[in-house]
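Just below is one structure, and these are the notes that go with it.
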2 protein chains.
Amino acid sequence: MIDRIDRRILSILQEDCTIPVAEIGRRVGLSTTPCWRRIQKLEEDGVIQRRVAILDPKKVNVKVTAFVAITTSRHNDDWLRKFADVISEFPEVIEFYRMAGQVDYLLRVAVPDIEAYDAFYKRLIAKIDISDVSTSFAMEQIKSTSQLPLSYVQTEKPRAERDDQ
Amino acid sequence: MIDRIDRRILSILQEDCTIPVAEIGRRVGLSTTPCWRRIQKLEEDGVIQRRVAILDPKKVNVKVTAFVAITTSRHNDDWLRKFADVISEFPEVIEFYRMAGQVDYLLRVAVPDIEAYDAFYKRLIAKIDISDVSTSFAMEQIKSTSQLPLSYVQTEKPRAERDDQ
DNA sequence: ACTGAAAGTGCTCTCAC
DNA sequence: GTGAGAGCACTTTCAGT
């Protein structure tokens, strides 16, 4: 389905999606047409979901990252759906996971400072009844990337190599 | 520095950076040229850091997200720098924070499954001596976005509004 | 399946206002 | 800030390998 050339294309586009197709082709050893068709297919197949601009958190005044661990006292499905919807609506919530283990849910929240987090927190609990919440703040963002590892992609060997065996 | 129109432009580009400048201009009530110039400036100023393709984690076979909480037994600066470098090198590490509070460091790791996490973990501890590690797995990704909240941006009021006052 | 060429389109970016 | 225009990159097709 995805071969090594596709993987290299994905790697390039994950890094910078403004590179012209002709240049991508050159880098992966393909001419423009097949390279363009591969990219088109990767988009059709949903491997490439979207192309977006990445902003500098500091420049848009969200310097503080908070991790919010939520433990709920077991509610029914309806409540959980409402819970998920309400929380997802907050633009400050960048990531939202249902967890295995002690903690039930984990949020990553982007805000300017601790006071803003407090205000966010108040708006959150005003909208939804949460029993147990524990917040940790990040002091420093050492790494944060939109690039997923591509080493685990199920690669189909290129035809040439397959025929060799 | 950044006014409301810039903010709307950023909001659009955070969502989809393939939209033509003319269309962005139309949406924010500007003709192509000034809109293009604003985008150019936002890039120069580093507000827009890059433009990237966002891939579907499932399609590239990283279905499991692990959060790794690391507690170190207080090392010196050199060790900490090496620690940061070694961990940052792993492409599976998508996010890496230095934390306040109980936990010293928090990683978000993307892997195909629990076995792959275990292999990753072995490679990690083989490279660096970590005393106390605690891993939690996400069962479900309810929300995950590259879009930062723009409500906190320091906005300079547009000239017209300022003059009105 | 990829190459290369080539036509058509639409966008980028500059310039004059 | 507007509007127009030149140049260019991208898209898409087609014949050929």
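Since the structure is predicted, the reported quantities are computational estimates derived from the model, not experimental observations. Lettering follows sequence order; numbering is per chain, from 1.
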**Request:** Mark up nucleotides 1-11 of chain D, 5' to 3', with B wherever a protein heavy atom is under 4.0 angstrom from a base atom, S wherever such an atom reaches only the sugar-phosphate, and - elsewhere.
**Result:** BBBB----SSS

**Message:** Would A/Thr155 and A/Asp3 count as a side chain to side chain contact (heavy atoms under 4.5 Å, CB included) here? Give the steps.
**Reply:** CA-CA 5 Å; A/Thr155 53; A/Asp3 67 14; 5.7 Å; no

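Regarding A/Lys41, its NZ atom lies at a distance of 12 Å from the P atom of C/dC2, rounded to whole Å.
Salt-bridge check for B/Arg81 with B/Asp78: passed, with a basic side-chain N closer than 4.0 Å to an acidic carboxylate O. A salt bridge is absent between A/Lys41 and A/Glu44; no separation between the charged side-chain nitrogens and carboxylate oxygens falls under 4.0 Å.
The list of ring pair (Phe, Tyr, Trp, His ring centres under 6.0 Å) pairs with a residue in residues 9-64 of chain B, not counting sequence neighbours, is empty. Residue pairs meeting the side-chain hydrogen bond (donor to acceptor under 3.5 Å, both in side chains) criterion with at least one partner in residues 103-120 of chain A, sequence neighbours excluded, are A/Thr72-A/Asp104, A/Arg74-A/Asp104, A/Glu95-A/Arg108, A/Arg108-B/Glu95, A/Arg108-B/Tyr97, A/Tyr117-A/Thr135, A/Asp118-A/Lys122.
Non-hydrogen atoms lying under 4.0 Å from DNA chain D are contributed by nothing in residues 42-53 of chain A.
Connectivity analysis of hydrophobic side chains (ILVMFWY, heavy atoms under 4.5 Å, direct or indirect) links B/Val52 to A/Val52, A/Ile54, B/Ile54.
Annotation: ring pair (Phe, Tyr, Trp, His ring centres under 6.0 Å) contacts of B/Phe90 (sequence neighbours excluded): B/Phe120.
To the nearest 0.5 angstrom, B/Ile70 atom CD1 is 4.0 Å from B/Ile87 atom CD1.
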